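Contents: one structure, followed by commentary.
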Amino acid sequence: MRTWIEHFGAAWQWSAAGVVHLFRSEVAARMELAGAIVGLAWLAVLRRSPAEIGIFLLLAAAVLAVEALNTAIETIVDEISPHRSEFARRAKDLGSAAVFFMLTAAGLYLAGLTAVSFVSR
C-alpha cells in the first residue's frame with residue numbers, strides 16, 4: 001500500500017511539473033486558460049445551469065490536455081528532427097489540428113449555450 005501512496009505522490013509532482021512547464025513555455029496554453037476563464041464568467045452572466053457549466057469546464061480541461069499533448073509532440077519532434085523535415089511538419093500540423101478540433105468543440109458549445117440563452121428570453 002505504501003508504494004501506491006509514494007507513486008501517487010511522485011505522479012502528482014510529475015504532473016504539476018508538466019503543468020508549470022506548459023504554462024511557462026506555451027503562449028497558446030495561457031491564451032486557452034484565459035479563454036476558459038472568460039467563457040466561465042460569460043456562462044455565469046447568462047445564468048446557465050451547473051451541469052452546463054460543468055460540461056464547459058470539462059471541454060476547457062480537454063483543450064488544455066490536448067494542448068499539453070501537442071506540446072509533448074513538438075518537444076519530441078524537435079529532439080528527433082532538429083532540422084526542417086516533412087516528418088516534423090506533418091507531426092506538428094497534426095498536433096495543432098487536434099488542438100483546433102478541441103477548441104472548436106468548446107467554442108461551439110459556448111456559442112450554443114449563448115444562442116439558447118438569447119432565444120429563450
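Both backbone and side-chain heavy atoms feed into the values below; hydrogens, waters and symmetry mates do not. Just so it is clear, the model here is predicted, and its values are computed rather than measured.
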Handout entry: CD-CZ distance between Glu67 and Arg30, expressed to the nearest 0.5 angstrom
Key = 11.0 Å
Problem - Heavy atoms of other groups near Phe87 CZ, more than 12 under 6.0 Å - result: yes
Practice task
Grab the two heavy atoms, one from His21 and one from Ser25, that are nearest each other, plus how far apart they are.
Solution key: O-OG, 2.7 Å
Completion exercise
dist Leu103:CG -> Leu108:CG (nearest 0.5 Å) comes out at 10.5 Å
Handout entry: Over all atoms of both residues, closest heavy-atom pair of Tyr109 and Phe56
Key = CE2-N, 3.8 Å
Problem - In one Ile/Leu/Val/Met/Phe/Trp/Tyr side-chain cluster, 4.5 Å: Leu59, Leu46 - result: yes
Exercise for the section: Say whether, by atom type as modelled, one donor and one acceptor occur between the side chain of Ser15 and the main chain of Ala11 under 3.5 angstrom. Expected result: yes
Handout entry: Any Phe100 side-chain heavy atom under 4.5 Å of Asn70 side chain
Key = no
Problem - From CG (Asp93) to CD1 (Ile73), nearest 0.5 Å - result: 11.0 Å
Fill in the blank from the handout: Taken to the nearest 0.5 Å, the spacing of His83 NE2 from Asp78 CG works out to 11.5 Å
Practice task
State, to 0.1 Å, how close Ala106 and Val63 come at their nearest heavy-atom pair, and which atoms those are.
Solution key: CB-CG2, 4.2 Å
Exercise for the section: Report yes if the side chains of Glu74 and Glu26 come closer than 4.5 Å at any heavy-atom pair, otherwise no. Expected result: yes
Handout entry: Ion pair Arg90/Glu86, N-O distance below 4.0 Å
Key = yes
Problem - CG-CG distance between Leu110 and Leu40, expressed to the nearest 0.5 angstrom - result: 10.0 Å
Completion exercise
Heavy-atom closest pair (Ala91 atom, Val77 atom, distance to 0.1 Å) is CB-CG2, 3.6 Å
Exercise for the section: Considering non-hydrogen atoms only, spot the tightest contact between Arg48 and Leu113 and give its length. Expected result: NH1-O, 3.8 Å
Handout entry: CE on Met102 to OG1 on Thr104, rounded to 0.5 Å
Key = 9.5 Å
